[in-house]
Amino acid sequence: MAVNGSPELLIVMGAHATAEQVDEVVARLAEAGAHAHVTAGKEATVIGAIGERELLATLPLEGFPGVEQVLPILKPYKLVSREIAPDPTVIDVRGRRIGDGYFGLIAGPCTVEYREQTLATARAVKEAGATMLRGGAFKPRTSPYTFQGLGVEGLEILAEARAETGLPLVTELMDPRHVEAVVETADVIQIGARNMQNFILLSEVGRAGKPVLLKRGPSASVEELLMAAEYVVKEGNARVILCERGIRTFERSTRYTLDIGAIPVLKQETHLPVIVDPSHAAGRRDLVPALARAAVAAGADGIIVEAHPSPDEALCDGPQLIPTAEFGAFADEIRSFVALMGKEIG
Ligand code: PEP
Ligand code: MN
């Protein structure tokens, strides 16, 4: 359900609080003209109170039976914050999971170029143990003179790859005019780095019934990424996966600078799963395995990696694509790091 207004107070119920006690708090908030956002956790239920902070402060919520603690939510992001949801969010996509102990291994071409290229990549990454297939049909390209993606035809090819391999699809939405077509085909709607602060698009996917993969803008702070996710969740779509994909710094030896520190920071700040894109961060395939291992070790909930049957012939991002012939060895190594972290492939 969409949330109208900003959650300002956090009401933490005791571990033994009953459903009636939760209902009583919710009813008292409603009586005062406020709203409640209730999250039932494994250990405790947390109620986010939505309304004027001054008004909420006048309510004697601490004295209600079952209430353990009442705290202000001081951060600008509310619904995505760690405080409001006691347990990490696990996102289930056609039976594949990301979050908490489940690691997502998302792989596929940068771009859907033609049918055989996409199907061959899908088969190879499936064989290697990938949990989802990535691939862009609508491509955000720096140059207007380069291949812009196959559009709707690309979505059809992706759907065929899913039908054959069973892998759920992650594909990018760039334009609110394409919402219907992309939402219909995608299992996860990717919002690319360049659109991280396209607030109209964010609200639009917030109303879509599919999980969203939100990539960090190359010049966006962690807080701005969380605020962008807040736009989506506020509209009622709580299934958001955050993605660190490298930020722009003075360094030129890699395409972007992978902000490894953002992973533990995000894991502290939000209950949403956090994944890493080592391909766009590195821009060079020889560095992708090292960045992917670092992501796993830093606590990421997954990686999204680009692969291609013949990278030299690729229409987009050739230097960073892992040849499908090498993807199995790459995935094996990642799997052992995932196990080392006490997680399983989701
Ligand atoms: C992509 O994943 O295809 C892509 C374009 O990435 P980014 O938005 O992170 O540049
Ligand atoms: Mn790419």
Side-chain angles (χ1 to χ4, degrees), residues 104-113 117-118 121-122 125 130 132-144 146-151 154-155 157-158 169-175 178 182 186-198 201-202 205 211-220 222 224-225 228-229 240-249 254-259 262-263 266 274-285 287-288 291-292 295 300 302-324 327:
L105 182 51
I106 306 170
C110 171
T111 307
V112 178
E113 298 170 6
Q117 163 257 4
T118 301
T121 311
V125 300
M132 294 190 215
L133 178 67
R134 66 146 287 145
F138 296 95
K139 293 301 298 178
R141 301 304 305 277
T142 302
S143 166
T146 52
F147 181 57
Q148 305 285 306
L150 288 180
L155 294 176
I157 295 173
L158 284 169
L169 298 177
V170 181
T171 196
E172 180 161 353
L173 170 68
M174 285 174 57
D175 185 328
H178 302 142
V182 173
D187 297 300
V188 177
I189 309 159
Q190 176 170 322
I191 300 293
R194 288 156 191 83
N195 271 316
M196 189 205 84
Q197 284 186 317
N198 183 336
L201 200 57
L202 294 174
V205 295
V212 173
L213 169 55
L214 178 61
K215 299 188 87 174
R216 179 181 181 182
S219 56
V222 165
E224 285 164 339
L225 172 61
V240 180
I241 302 162
L242 302 175
C243 180
E244 160 59 33
R245 45 77 75 207
I247 52 175
R248 177 155 286 182
T249 69
T254 48
R255 187 176 179 189
Y256 294 93
T257 298
L258 183 63
D259 184 5
I263 303 160
L266 283 166
V274 178
I275 69 166
V276 167
D277 175 347
S279 303
H280 289 90
R284 293 168 40 179
R285 80 177 59 92
L287 300 180
V288 170
L291 297 193
I303 51 172
I304 178 164
V305 182
E306 291 184 341
H308 194 285
S310 40
D312 292 347
E313 290 159 28
L315 295 178
C316 184
D317 287 350
Q320 73 197 32
L321 306 174
I322 295 185
T324 47
F327 193 80

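In this text, all values refer to a predicted model and were calculated from it rather than measured experimentally. We number each residue from 1, following the sequence as shown. Whatever order the structure lists them in is the order used to number ligands and atoms, beginning at 1. Just so you know, these numbers use all the heavy atoms, side chains as well, and skip hydrogens, waters and symmetry mates.
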Does any N/O atom on [X] come nearer than 3.5 Å to any N/O atom on ligand 1?
X	result
Arg134	yes
Asp277	no
Gly192	no

Are any of the heavy atoms in Arg216 under 4.0 Å away from ligand 1?
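The answer is no: ligand 1 sits nowhere under 4.0 Å from a heavy atom of Arg216.
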Cation over ring face, Arg141 and Phe147, 6.0 Å, 45°:
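Negative - Arg141 is either too far from the ring of Phe147 or too far off its axis.
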How wide is the angle at the Mn ion (ligand 2) spanned by Cys110 SG and Asp317 OD2, rounded to 10 degrees?
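Between SG of Cys110 and OD2 of Asp317, at the Mn ion (ligand 2), the angle is about 100°.
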Suppose you place the vertex at the Mn ion (ligand 2); what is the angle out to Glu306 OE2 and His280 NE2, to 10°?
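It comes to 90°.
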Between Arg255 and Gln320, do the side chains contain a donor N or O and an acceptor N or O under 3.5 Å apart?
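Result is yes, a qualifying pair exists.
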Distance-only donor-acceptor check, side chains His178 and Asp175, under 3.5 Å:
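His178 vs Asp175: no donor-acceptor pair found between side chains.
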To check you understand the geometry: which heavy-atom pair defines the closest contact between Ala282 and Leu291, and what is its length?
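Heavy-atom minimum between the residues: CB-CD1, 3.7 Å.
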Of Ile304, Val205, Thr171, which is the lone residue that meets side-chain contact (heavy atoms from CB on, under 4.5 Å) with Gln190?
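With Gln190 as partner, Ile304, Val205, Thr171 yield a single side-chain contact (heavy atoms from CB on, under 4.5 Å), made by Ile304.
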Are the side chains of Lys215 and Met196 in touch, meaning some heavy atoms are under 4.5 Å apart?
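Contact flag for Lys215/Met196 side chains = no.
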Check step by step if salt bridge (Lys or Arg N to Asp or Glu O under 4.0 Å) holds for Lys139 and Glu172.
CA-CA 7 Å; Lys139 293 301 298 178; Glu172 180 161 353; 5.0 Å; no
What protein heavy atom is closest to atom 9 (O) of ligand 1, reported as residue, atom name and distance in Å?
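Scanning the protein heavy atoms, the shortest distance from atom 9 (O) of ligand 1 goes to Arg245 NE, 2.6 Å.
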Looking only at protein heavy atoms, identify the closest one to atom 6 (O) of ligand 1 and say how far it is in Å.
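The closest heavy atom on the protein side is Lys215 NZ, 2.9 Å.
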Suppose I only count heavy atoms of Ala193 and a 4.0 Å limit; which atoms of ligand 1 are within that range?
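Selected atoms, number and element: 7 (P), 8 (O), 9 (O).
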